[in-house]
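Single-structure report; data block below.
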There are 2 protein chains.
Amino acid sequence: MKLNTKSRYAVMALADMSKFPINNPVSLRDISLRQSISLLYLEQIFLKLKKNEIVKSVRGTNGGYVLRRDPKNIKLSEIFQAVDQKVKTVGCKKDSKKGCNGKSVKCITHELWDELDIYINNFFENKNLSDLLVNKERNY
Amino acid sequence: MKLNTKSRYAVMALADMSKFPINNPVSLRDISLRQSISLLYLEQIFLKLKKNEIVKSVRGTNGGYVLRRDPKNIKLSEIFQAVDQKVKTVGCKKDSKKGCNGKSVKCITHELWDELDIYINNFFENKNLSDLLVNKERNY
DNA sequence: ATATACCCGACTAAAATAGTCAAGTATTAC
DNA sequence: GTAATACTTGACTATTTTAGTCGGGTATAT
Ligand code: FES
Ligand code: FES
């Protein structure tokens with residue numbers, strides 16, 4: 001079970017942004033420098049965050065991205081969904097009657113993995129961006 | 001976050017075994033057929049389970065593998081560890097002072113991912129093989 | 001003897017990941 | 001009005017990981 005960089009960077013970048021005044025556009029270049037994340041990779045990530053209405057963009061000089069909501073109201077689960085990073089613990093298709101390995105019934109471990117799936121998603125449901133900021137120094 | 005087949009099959013195979021009398025060797029061929037898992041892949045997995053003292057082997061005709069302990073005393077976390085499948089949520093090296101991206105301090109999201117790591121491992125710590133068997137039909 | 005079933009290291013095809021690249025467009029500052 | 005900044009978009013690619021396979025064993029029961 002590994003967390004990929006796309007999700008990790010998305011949260012990291014948004015956490016970086018949320019340390020600034022809410023209507024102040026933050027440029028990807030700055031985030032890239034502060035957090036040591038590739039600028040081109042960030043661009044890719046932010047297009048998805050924009051499409052999913054987590055941020056909005058301001059073009060041109062002194063432009064950048066702006067959070068669309070208060071950090072308190074941005075759940076990690078939304079961020080993950082925005083960058084298409086799903087939790088996948090079962091081996092079968094979730095909505096299908098079929099099991100993994102092409103069988104017509106769910107396997108003996110299916111329920112366990114399903115439970116794990118819910119358990120992990122629960123973590124992301126119950127965390128928001130502002131949870132990342134409490135008791136933290138501004139170390140950028 | 002995806003669960004790989006190695007862990008999934010390891011648990012599945014052991015759950016299969018634990019439905020049989022404790023000292024009755026179960027052959028990988030049978031597990032392979034019942035659970036539709038490649039026999040050669042299972043062999044690879046069971047060598048590790050054996051090295052980690054979760055099962056022991058009985059060679060020769062009518063041989064197979066036998067659980068070394070009661071299913072109640074085999075935690076999922078042990079199984080995962082045996083097949084080298086770790087949870088990895090942080091981007092940095094856990095024991096190092098350094099952060100991800102080669103910085104000398106931990107990043108702004110480090111604590112979050114560390115918390116997630118503990119949270120997920122907790123699930124595996126609190127589940128054992130026998131938990132998979134309650135209220136289940138023998139559908140093999 | 002022979003069949004069964006574990007043992008072990010090395011190998012490989014395919015998929016996923018972690019980015020990069022090229023060629024834009026919109027906005028602001030001067 | 002032109003230069004500079006910064007977002008936009010789709011395609012492309014190297015690397016790594018995954019999910020196995022393969023070949024050639026050894027031990028044991030019948
Ligand atoms: S994981 Fe769903 S059927 Fe096996
Ligand atoms: S995840 Fe540990 S420093 Fe970033």
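Below, read A as the first sequence line, B as the second, and so on, with proteins coming before strands; counting in each chain starts at 1.
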- Roughly, in whole Å, what's the span from OH in Tyr41(B) to P in dT18(D)? 9 Å
- Task: With the side chain counted from C-beta on, respond yes when Leu3(A) and Phe80(A) share a heavy-atom pair under 4.5 Å apart, and no when they do not.
- Result: yes
- Message: With a 3.5 Å distance limit and no angle check, can you tell me whether Ser32(A) reaches the backbone of Ile37(A) through a side-chain donor-acceptor pair?
- Response: yes
- So, with a heavy-atom separation below 4.0 Å from DNA chain D, the residues of residues 77-88 of chain A are none
- Query: So, for Val83(B) and Ser7(B), which heavy atoms are closest and what is the spacing to 0.1 Å?
  - Reply: CG2-CA, 4.3 Å
- Task: Measure from the side-chain heavy atoms of Thr5(B) and tell me the nearest of dT21(D), dT17(C), dG20(D).
- Result: dG20(D)
- Is the shortest heavy-atom distance from the side chain of Lys48(B) to the side chain of Asp84(B) under 4.5 Å? yes
- Item | same_hphob_cluster(Leu33(B), Val105(A)) at 4.5 Å side-chain heavy-atom cutoff | no
- Rounded to whole angstrom units, what separation is found between the CG atom of Leu42(A) and the C1' atom of dG19(C)? 11 Å
- For atom CG of Leu40(B) and atom P of dC7(C), their distance in whole Å: 14 Å
- Given atom NZ of Lys48(A) and atom P of dA18(C), what is their separation to the nearest angstrom? 12 Å
- Message: Please encode protein proximity along nucleotides 4-9 of chain D as a string of B, S and -, counting only heavy-atom distances under 4.0 Å.
- Response: BBSBBB
- Taking atom CD of Gln81(A) as the centre, report whether more than 12 heavy atoms of other residues, nucleotides or ligands fall under 6.0 Å from it. no
- Any chance you could lay out the salt bridge (Lys or Arg N to Asp or Glu O under 4.0 Å) test for Asp114(B) and Lys106(B), step after step, and finish with the verdict? CA-CA 11 Å; Asp114(B) 202 36; Lys106(B) 296 295 183 186; over 6 Å; no
- Query: Rounded to whole angstrom units, what separation is found between the CD1 atom of Ile45(B) and the P atom of dC7(C)?
  - Reply: 14 Å
- Message: Without decimals, in angstroms, what is the distance between Lys6(B) NZ and dG20(D) C1'?
- Response: 8 Å
- Query: Roughly how many Å is it from CG in Asp30(B) to C1' in dT4(C), rounded to a whole number?
  - Reply: 12 Å
- Query: In whole Å, what is the span from the CE atom of Met1(B) to the P atom of dT17(C)?
  - Reply: 11 Å
- Flag if over 12 foreign heavy atoms under 6.0 Å of NZ, Lys88(B): yes
- Query: Above 12 or not: heavy atoms from other molecules or residues under 6.0 Å from CZ of Arg29(B)?
  - Reply: no
